[in-house]
J.: 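Here's a structure for you.
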There are 2 protein chains.
Amino acid sequence: MNKLHNVAKLKTDNRYIILDCLRHIRLSRAELSRMTGLAKSSVTTITNEMISQGILCEAGLAEKSNKAGRTRVLLEINGDFGFAAGINLHRKRISAAVTDISGEIIFDFYAYPADFSSTEEAVSCIIEELNRKIKENGLDTSRMVGIGVSSPGPLDYEKGIILEPPNFPLFNNFAIVRYLESEYGCPVFLENNAVASALFEHYYVSRQEGSTLFVTVSDGIGGALLQNGKIYRGSHGAAGELGHISVDPEGELCECGNRGCLEQYATLSALKNRFGFESYNEIADLFGNGDSKAEKVIEFLVNTLSGALVGAVNLFDLDRIILYGEYNYKCEILTERIEKYINTHSVICKAHRVEVVPSGQSPECASAAAAVPALNNFFRYNTTH
Amino acid sequence: MNKLHNVAKLKTDNRYIILDCLRHIRLSRAELSRMTGLAKSSVTTITNEMISQGILCEAGLAEKSNKAGRTRVLLEINGDFGFAAGINLHRKRISAAVTDISGEIIFDFYAYPADFSSTEEAVSCIIEELNRKIKENGLDTSRMVGIGVSSPGPLDYEKGIILEPPNFPLFNNFAIVRYLESEYGCPVFLENNAVASALFEHYYVSRQEGSTLFVTVSDGIGGALLQNGKIYRGSHGAAGELGHISVDPEGELCECGNRGCLEQYATLSALKNRFGFESYNEIADLFGNGDSKAEKVIEFLVNTLSGALVGAVNLFDLDRIILYGEYNYKCEILTERIEKYINTHSVICKAHRVEVVPSGQSPECASAAAAVPALNNFFRYNTTH
DNA sequence: ATTAATTAGTTTTAGTCGTGAACTAATTAT
DNA sequence: ATAATTAGTTCACGACTAAAACTAATTAAT
C-alpha cells in the first residue's frame, strides 16, 4: 500500500529534506530554498524552529562573493545536540564508535570475538566500555539519539535479531535490538554490514546520484544497492549480495546449492588457498614489478569478480561500482581492470560507461557506518518523537 | 534530491492512493478509510469531489453482510469519464488498444511492420485506424486522457525516443512521444515492453506485495522488476533485463561482448536452431508423453533459464518470478521445474521459498498494457492538470 | 558620498489540507 | 419498539506551505 500523507508527514518530510542537505556541508537559508524548492519563508520557519530546538546552529557568514547582495548566513547541524553509537559486529573484530549528530567521530574502540565465551559476556563487555567512554568524553546518555548495529546477514530486520551468519556463532539468534533498547531506552537499528557502509559512503564520503552497487569483500562477499541514495532491499534485505553469483556453472558445489559461486574464488582466504601466498598487499606490490605469480593472482581475481559484476551491472543497470574491504591496498590495480572488463562485456555499457572505483573509507569507518541508520532515524523523526 | 512535499502534493497523493485502491474492485468509503488510513471525513471529501468531477461513481450497495450497521455504498472508477490508448510496437506485430479509465478494453486492432516501408507510413496508418475506431465506438478524442507506447529497448525515456532496438529498424531513432503529443495534445508515455506488461499484471491481473521479477520471452528475453508494485528502473530503465546474463562463461561470443548469454540459448529461435523442431506447443505436448527429444528440449530450456534466474533471485532477493510470452502454452511444465531448480540453488531460498508462476495475461493484453503508464499518469495528476 | 541594484532573510496574511467530534442514516439483534 | 452497530456527512480547528511585502546588508554606478 502507498504511504499516507497528512500535514504532520509533510512537516517531517520537509524537515528531513533540509537536514539531509546539511549533513556534511554548511548552507544558507537561500541556498536551501533553491536546492529544495521550498519557499524562502518556509525555510526560515523550519530552520529557525530547528535552531531553537538546538538541532541546527548558525555558523557565521559565507565568504564574500563579490556579488551584490547581503552575505549568506551559513547553517550547520549542531554536533553538540546529541550523539549516536554504532557497533560493527565482525567475525574477526568488533568495533564501536560514537559520533555526534553531524557525523563527527567522538571516539571508537575495539573488541575481539575470540576473547568472549558467550553472547552475554560479549555484549555486557561492549556496553560497559561504551558507557565508560561516554562518561570519559563528558557525554550523557540522555543525549544519545540512537544506536546502530551492523552485522553480517542473515538478519531479521523487523524483530531485530541476528539469525545465524555462517562462521559467526557468538551472536546466533541474539535479539540485539530488544536488548539494547531496554538497556538505553533509545531507538536501536540492526542493519546489514554492506548496507551500513554503503550509506556511510553516500552520506559522508561522496554523495552520488544514479545507481550504485557497493561491494564489500571480507570473509564473504556482500553488496548493497543504492538508487539515488536510497537502499534497494529486495524482499528480505538481501538484495545486492553477490557472493553466490555463479562464475562457473561447472565449478565446485557450494553450500548454497549452486556451483562455482564467487565466494569460492574471490575472498582473500579462497585466493590464499588457491595460490598460496601470505599477504595480499605483497601481491599487489609484486604485481607492479611484473612478477608472474602476482600477475596470475590478480588476473584470476579480476576475472572472477568481473564475471559476477557484469551480471549485476546488466540486472541492476548500474552507473558505478564501489569496491570496499579486503583489497583496499592499491585498489586501482583491480578497479581499472574490472572497469575495462565490464565496459566490454555488458549490454549496459553500450548506453553509458560503468565506473568502478575504490571506496573512500578506511576499514576504521565500519563502526561509524553502523551509526548511520540511527542518525537517519533521528533526522527523519526528531520533531515528532 | 528528495521530493518536495507541499499541500498540493498532499492532495494529489491521497487522491491517487484512493484511485489506486479502486483500480479493479469496488469499495465503500468506509473500506477505503480503513485501507488507506485516511480519516472517514477525508475519504468523503475526496471521493465526493471525484464523483462531482465524474471520475468516480457510486455503484449500488454491497450485499448485506448479516451484520448490524448501515449497508456500504460501493464506489467505482467511472469508465465513461474517458479513455486511454496503448500501442505495442513489436518486431512481428504492432497492436493497439483503447481502454476506458477503469481498464476495460473498448477495442483493439493489429498492424504488421512488414507491411510498411517507412516510419511515417507506419505511424500515420496506425493513427488513421485509431481515429476511425475511436469515432466508430462513439468516443471523442477530447476524452482521451493519455497515450502509452511500449517498445523493445533501448529507449530514451526522457526524450521519448525509440533508439535502435536490434532487428527493429522501422522505428529507429523515432521521436514517437513528440509526434503523438503534437497529434493528440494529450500526454504520451514511452515505456519498455516488459515494464508495461509487468505493470498490467500487477494492476489488472494479480496484485502482489513484495519483490517480483516479470520475465518476458519473445525475440529477446527481457524483464522488469517490481517492488510492491513500483518499478525499479536502474540508471537508464534497463534494470531486470536478463537476456545477457551469462549461463556459460565458455559459451559462444555474444554481440554484447559477453559469452554464453541467456538469449543465445533460451529464445524460441535459438531453441529451434539447436534442436530443430517446428512448434513449441508440439514439444510441450510431446513432453507429457515422455518423448525423449521433447524431454531434452525442456531440460535444456529449464536449465538455461534457471541458471540466469538463480542469479537474479540472489541479486534482487526476489519473492517470485512471473513468466510471460513465448512459452505460455502448458507453462507449468517450465515453472514447476524452474521453481524447483531455484529453490535448491540460491542462497535466498534458505530464508524463504521463491515462487515461479506463469503470467495470467494472454499475448493480446500487450496493447492494453501499453496504456497502463497513461492511466497511471491520469490517476496521479487528474486533479491538477 | 549617495543612490540604485541585488541578494538574504523575516513577517504577515491567506489558502488548503486532513482530522476529530458530533452528527445523521441505515441496518441487525434483542 | 429499542439498543447496538456500522456507514457516511458536516463543521470547526489546527497545522502546514506559499506569496507578497517587508527589512537587512552588500556591491556597482554615479
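This structure is a prediction, so every number in the text was calculated from the model and none was measured. So you know, we letter chains A, B, ... as the sequences are listed, proteins then strands, and number each from 1.
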J.: Rounded to whole angstroms, how far apart are CD on A:E63 and C1' on D:dT26?
T.: 15 Å
J.: Start at the 5' end of DNA chain D and walk down; is the nucleotide closest to A:T45 or to A:K64 reached first?
T.: A:T45
J.: Counting side-chain heavy atoms from CB outward, which of D:dT17, C:dG18, C:dG9 is closest to A:T44?
T.: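 Closest nucleotide among those given: C:dG9.
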J.: What is the distance, to the nearest angstrom, from the CG atom on A:N66 to the P atom on C:dT7?
T.: 14 Å
J.: Atom CG of A:L38 and atom C1' of D:dT17: how far apart are they, to the nearest Å?
T.: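 Atom CG in A:L38 sits about 8 Å away from atom C1' in D:dT17.
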J.: Nearest-Å distance, NZ (B:K11) to P (D:dA15)?
T.: 22 Å
J.: Assign A:T71 to base, sugar-phosphate, or nothing according to its heavy-atom contacts below 4.0 angstrom with the strands shown.
T.: sugar-phosphate
J.: Report the residue (B:L61 or A:R29) whose heavy-atom-nearest nucleotide on DNA chain C is the more 5′ of the two.
T.: A:R29
J.: For DNA chain C, whose closest nucleotide is more 5', that of A:A30 or that of A:G69?
T.: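 Looking at DNA chain C, the more 5' nearest nucleotide goes with A:G69.
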J.: Which of the following nucleotides, D:dT9, D:dA19, C:dT27, is nearest to the side chain of A:S41?
T.: D:dA19
J.: Measuring from the side chain of A:R70 (C-beta onward, heavy atoms only), which nucleotide among C:dT27, D:dT23, D:dT27 has the closest atom?
T.: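 Shortest atom-to-atom distance from the side chain points to D:dT23.
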J.: Take atom NZ of B:K40 and atom P of D:dT5, then tell me their distance rounded to the nearest Å.
T.: 15 Å
J.: Among the candidates C:dG18, C:dT28, D:dA18, find the nucleotide nearest to the side-chain atoms of B:A68.
T.: C:dT28
J.: At under 4.0 Å between heavy atoms, what does A:K67 touch on the DNA or RNA strands: base, sugar-phosphate, or nothing?
T.: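 Sugar-phosphate: the residue A:K67, judged by heavy atoms under 4.0 Å, touches backbone atoms but no base.
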J.: For the pair made of CZ in A:R15 and P in D:dA15, what is the distance, rounded to whole Å?
T.: 12 Å
J.: Of all the choices, D:dT5, C:dT19, C:dG9, which nucleotide is nearest to the side chain of A:V73 once you look at every atom?
T.: C:dG9
J.: Look at A:N14 and D:dT17 and indicate whether a side-chain polar atom (N or O) is within less than 4.0 Å of OP1 or OP2.
T.: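 So the side chain of A:N14 is within the cut-off, an N or O lying under 4.0 Å from OP1 or OP2 of D:dT17.
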J.: Mind checking what makes ring pair (Phe, Tyr, Trp, His ring centres under 6.0 Å) contact with A:H202, not counting sequence neighbours?
T.: none
J.: To the nearest Å, give me how far apart CG (A:N6) and P (C:dT19) are.
T.: 5 Å
J.: Cationic tip of B:R15 within the cone over B:F379's six-membered ring, i.e. under 6.0 Å and within 45° of the normal?
T.: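 So B:R15 doesn't make the cation-pi contact.
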J.: Write down the distance between CZ (A:R34) and P (C:dT7), rounded to a whole number of angstrom.
T.: 9 Å
J.: List the atom of A:G210, the atom of A:D319, and the distance in Å for their closest heavy-atom pair.
T.: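 Smallest interatomic distance, heavy atoms only, reads CA-OD2, 3.3 Å.
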J.: Are A:R26 and A:E58 close enough for a salt bridge, meaning some N to O gap below 4.0 Å?
T.: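 Salt bridge flag = no for A:E58 with A:R26.
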J.: Ignoring hydrogens and angles, are the base of D:dA7 and the side chain of B:S28 linked by a donor-acceptor pair under 3.5 Å?
T.: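 Under the 3.5 Å cut-off, the side chain and the base do not form any donor-acceptor pair.
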J.: Salt bridge or not between A:R23 and A:D20? Use side-chain N to carboxylate O under 4.0 Å.
T.: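 Salt bridge between A:R23 and A:D20, a charged N being under 4.0 Å from a carboxylate O: yes.
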